[in-house]
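Below is one structure, written out as structure tokens; the observations come after it.
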Amino acid sequence: MSHAISITRALRGAVLAVLVAGCTSSPAGNGDSAGRTAADGESFAMQPGESVTLSDDSTLRYVDVKSDSRCMPGLQCIHAGNAVVAFELRRTGGGVQSFELNSPDQPQSRDMGSLRVTLQSLAFGVTPRAQLKVERIN
């Protein structure tokens, strides 16, 4: 009987730890990246919902992963698959351009006026971290 009680206490402790962690960490996708900037040619990571200010004062926002058919690590797949990642570029003058990039197995760059946005890598998971690079092309 005491073994069952200690398992129950351990489970309660684990549930409490998860709840406390959920209350103290900021949720993914909250856009809580105010003041974050990326220099031309710099590689940087973003989570879904985050934004970063670029050198021309425009703002790049990682919206979400629209689809992901990539082969999970540790599995053997016939085809590597592809992920489609949605972004928004908000120009200083107020215009917003929505665009998508593919995972690095397929074309993953997009020219947006004088900027080239490149998806260098995309992690796996529910809120996959995207590694990006933005550089001037004109």
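Quick caveat: nothing in here was measured; it's all calculated off a predicted structure.
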Item to check | Minimum heavy-atom distance R91-L115, with the two atoms named | outcome: NH1-CD1, 4.2 Å
Checklist entry - What pairs of residues pass the salt bridge (Lys or Arg N to Asp or Glu O under 4.0 Å) test when at least one of them lies in residues 116-138, not counting sequence neighbours? => result D40-R136, D111-R116
Next on the checklist: Grouping I, L, V, M, F, W and Y whenever their side-chain heavy atoms are under 4.5 Å apart, do M46 and V84 come out in a common cluster?
Outcome noted: no
Checklist entry - Which value, rounded to the nearest 0.5 Å, describes the distance between N82 atom CG and N102 atom CG? => result 4.0 Å
Checklist entry - What residue pairs, at least two apart or across chains, pass salt bridge (Lys or Arg N to Asp or Glu O under 4.0 Å) with a residue in residues 77-88? => result R61-E88
Next on the checklist: Going by the rule side chain to side chain donor-acceptor pair (under 3.5 Å), which residues pair with S69 if we only count those two or more places apart in sequence or in a different chain?
Outcome noted: none
Checklist entry - Hey, mind stepping through Q97 and R110 against side-chain contact (heavy atoms from CB on, under 4.5 Å) and telling me if it holds? => result CA-CA 12 Å; Q97 291 177 279; R110 175 90 184 254; 5.8 Å; no
Item to check | Close side-chain approach of V52 and T59, heavy atoms under 4.5 Å | outcome: no
Checklist outcome for this item: Tightest non-hydrogen contact, residues G81 and S103, listed as O-OG, 4.4 Å
Checklist entry - So which heavy atom on R70 is nearest to which on A83, and how close? => result NE-CB, 3.6 Å
Checklist outcome for this item: Between P48 and V63, the two heavy atoms sitting closest are CB-O, 4.1 Å
Checklist outcome for this item: When rounded to the nearest 0.5 Å, the distance separating CG of L122 from CG of D68 is 6.5 Å
Item to check | Gap between atom CZ of R36 and atom CG of L60 - 0.5 Å precision | outcome: 10.0 Å
Next on the checklist: For a quick check under 3.5 Å, do T92 and D57 share a side-chain donor-acceptor pair by atom type?
Outcome noted: no
Checklist entry - S58: what forms a side chain to side chain donor-acceptor pair (under 3.5 Å) with it, not counting sequence neighbours? => result D56
Checklist entry - Do S43 and Q120 have a side chain donor and acceptor closer than 3.5 Å? => result yes
Checklist entry - Can you find a pair of side-chain heavy atoms, one from L89 and one from L54, that are under 4.5 Å apart? => result yes
Checklist outcome for this item: Between Q108 and the options L132, V85, L119, V117, the side chain to side chain contact (heavy atoms under 4.5 Å, CB included) test singles out L119
Item to check | Non-hydrogen atoms of P128 and A123 that approach each other most closely | outcome: CB-O, 2.9 Å
Checklist entry - In the hydrophobic cluster built from side-chain contacts under 4.5 Å, what are the other members alongside M72? => result L75, F124
Item to check | disulfide (SG to SG under 2.5 Å) pairs, two or more places apart, involving residues 44-76 | outcome: C71-C77
Checklist outcome for this item: Sequence neighbours excluded, the answer for salt bridge (Lys or Arg N to Asp or Glu O under 4.0 Å) partners of E100 is K66
Checklist outcome for this item: By ring pair (Phe, Tyr, Trp, His ring centres under 6.0 Å), F87 pairs with (sequence neighbours left out) Y62, F99
